[in-house]
J.: 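Here you go, one structure.
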Protein chains: 2
Amino acid sequence: MSLKHAILTLLETEDGTGYDLLKRFEDHLGYFWNASHQQIYAQLKTMHNEALIDYQLEAQDDKPDKKIYTLTDSGRQALSEWVQQPLKLGKVKDALLVKIYAGHLADKEQLLEEMLHYRDSHKRMLQTFLAIENEYHSSSKKKQHELAMPYLTLRRGILGERACIEWAEEVINYLQKTNSRGQ
Amino acid sequence: MSLKHAILTLLETEDGTGYDLLKRFEDHLGYFWNASHQQIYAQLKTMHNEALIDYQLEAQDDKPDKKIYTLTDSGRQALSEWVQQPLKLGKVKDALLVKIYAGHLADKEQLLEEMLHYRDSHKRMLQTFLAIENEYHSSSKKKQHELAMPYLTLRRGILGERACIEWAEEVINYLQKTNSRGQ
DNA sequence: CAATGATATGCAACAAGTTGCATATTGCTG
DNA sequence: CAGCAATATGCAACTTGTTGCATATCATTG
């Protein structure tokens, strides 16, 4: 399990509500970890029972109560223990590759369109990442030092997207070549 | 769900037992899809109930019975429908990146060791893929044409591994630099 | 000849993730 | 002012995936 650790990681950086965490998953961690709001709220509840986190209720006038979660000492310790211990290699699950593997069954035109869409999605993602990288490079040395580790995760995103795009180009090339030959 | 489709894909290429499928997941599809034997047997049972697959019992002298599964017409149709229809983008879940994100909490030496191990694992994987690619390139034109789509999935593996390794080098570089400066 | 690893199959309990539903407010847009 | 998106939280049912256990044979190796 690791949603637990992803949440601990986010809360270590900054306290927040379940909704805040959802946004931070979407905006920052989204490339390499995702969770639905239902999952997050359920996990927060569990982690509160395990005393890894605590919350302060912030009752706002006429708004639903906010639960602002913070790490407990126990939570901070659990995080640092997790960070110390080695991981097993994560499993890749890419349905697109299964589909390509069975690609001879598909309509080539349709497959081509899907690949074009795939490539463009990843190109957009890459552009987003490069913009964030630019921002990072134009921030202060102090900030850059602080954000060194998150920056490295951004680099993973950039290199990963480039590989995706390069591969997509190869597949598109192949599909177009065989298509025009009418195979 | 897509284990179902991965199994349909494998059976479309060649009939086999649950155990055969397990091996084929490990040996061929393993880079982008994985399943435990328990999962596979359970899924085969479900798919048999759904009439997507059928099996012939092969009773061997003194050996446990083999169930050799084959696609039914209905299964073949389900596969081709799945291949036709567009996929939603798969989610990335990479615990190592969560860890790096929280890397300032970790012992730098230990993190470095983990990254070295990560890089070497991926280097080994790349070597394996390149060996398979060589095999492909030295096979007959006919064979190459038959295996064109699986070959494209291999290319994904190769480009993916290269990106992994390149990134790992960046991280290792950073960790060694800051370590020697004693930060 | 005993131990191990490969072949071959499966159940049961549990953890993790998805989908659908439900509520309530604020602020913006047409 | 009606409708919609964003904020904010949560339950329940279901599907998927993991972990541990269980069985039985055959071939190899020490």
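Just so it is clear, the model here is predicted, and its values are computed rather than measured. Chain naming here is simple, since letters A, B, ... match the order of the sequence lines and numbering starts at 1 in each.
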J.: Above 12 or not: heavy atoms from other molecules or residues under 6.0 Å from CD of E113(B)?
T.: no

J.: For the side chain of K93(B), starting at C-beta, report the closest nucleotide among dT9(C), dA8(D), dG17(C).
T.: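 That would be dG17(C).
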
J.: Could you go step by step and tell me if F25(A) and L10(A) meet the side chain to side chain contact (heavy atoms under 4.5 Å, CB included) rule?
T.: CA-CA 9 Å; F25(A) 270 113; L10(A) 287 176; 3.8 Å; yes

J.: Write down the distance between CG (L3(A)) and P (dG17(D)), rounded to a whole number of angstrom.
T.: 17 Å

J.: Separation of L22(A) atom CG from dT9(D) atom P, in whole Å?
T.: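 After rounding, the reported distance stands at 10 Å.
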
J.: For the side chain of H37(A), starting at C-beta, report the closest nucleotide among dA6(C), dC21(D), dC21(C).
T.: dC21(C)

J.: How many whole angstroms separate atom CZ of R24(B) from atom C1' of dA8(C)?
T.: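 So the two atoms are 16 Å apart, to the nearest Å.
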
J.: Does K23(B) put a side-chain nitrogen or oxygen below 4.0 Å from OP1 or OP2 of dA6(C)?
T.: no

J.: Less than 4.0 angstrom between a side-chain N/O of K88(A) and OP1 or OP2 of dT19(D), yes or no?
T.: yes

J.: Which nucleotide sits closest to the side chain of K45(A): dC11(D), dA8(C), dT9(D)?
T.: dC11(D)

J.: Check this one for me: any side-chain N or O of K91(A) less than 4.0 Å away from OP1 or OP2 of dT18(D)?
T.: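 Yes.
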
J.: Is there a side-chain polar atom (N or O) of K67(A) under 4.0 Å from OP1 or OP2 of dG10(D)?
T.: yes

J.: Could you give the CD-to-C1' distance, from Q38(B) to dT18(D), as a whole number of Å?
T.: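 Taking CD of Q38(B) and C1' of dT18(D), I get 8 Å after rounding.
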
J.: Look at the side-chain N and O atoms of K4(A) and state whether any lies under 4.0 Å from the OP1 or OP2 oxygen of dA16(C).
T.: no

J.: Determine whether a donor-acceptor pair (one donor, one acceptor, N or O, separation below 3.5 Å) exists between the side chain of Q43(A) and the base of dG17(C).
T.: no

J.: Is there a path of hydrophobic side-chain contacts, each under 4.5 Å between heavy atoms of I/L/V/M/F/W/Y residues, joining I68(A) to I40(A)?
T.: no

J.: Rounded to whole angstrom units, what separation is found between the CD atom of E50(A) and the C1' atom of dA15(C)?
T.: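 Those two atoms, CD and C1', are 12 Å apart.
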
J.: How long is the line joining CG of L57(A) and P of dA8(D), in whole Å?
T.: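 Whole-Å distance recorded here is 14 Å.
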
J.: Quick one: do R155(A) and E133(A) make a salt bridge, cutoff under 4.0 Å?
T.: yes

J.: To the nearest Å, give me how far apart CH2 (W33(A)) and C1' (dG17(C)) are.
T.: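 So the two atoms are 11 Å apart, to the nearest Å.
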
J.: Which is more 5' along DNA chain C, the nucleotide nearest D20(B) or the one nearest Q39(A)? Just name the residue.
T.: D20(B)

J.: With a 4.0 Å limit, can you tell me whether T17(B) has a side-chain N or O closer than that to the phosphate oxygens OP1/OP2 of dT9(C)?
T.: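 Yes, within the criterion.
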
J.: Would you say Y41(A) places a side-chain N or O within less than 4.0 Å of OP1 or OP2 belonging to dG10(D)?
T.: no

J.: In whole Å, what is the span from the CG atom of N34(A) to the P atom of dT19(C)?
T.: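 Whole-Å distance recorded here is 13 Å.
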
J.: More than 12 foreign heavy atoms under 6.0 Å from CG of N49(A): is that the case here?
T.: yes

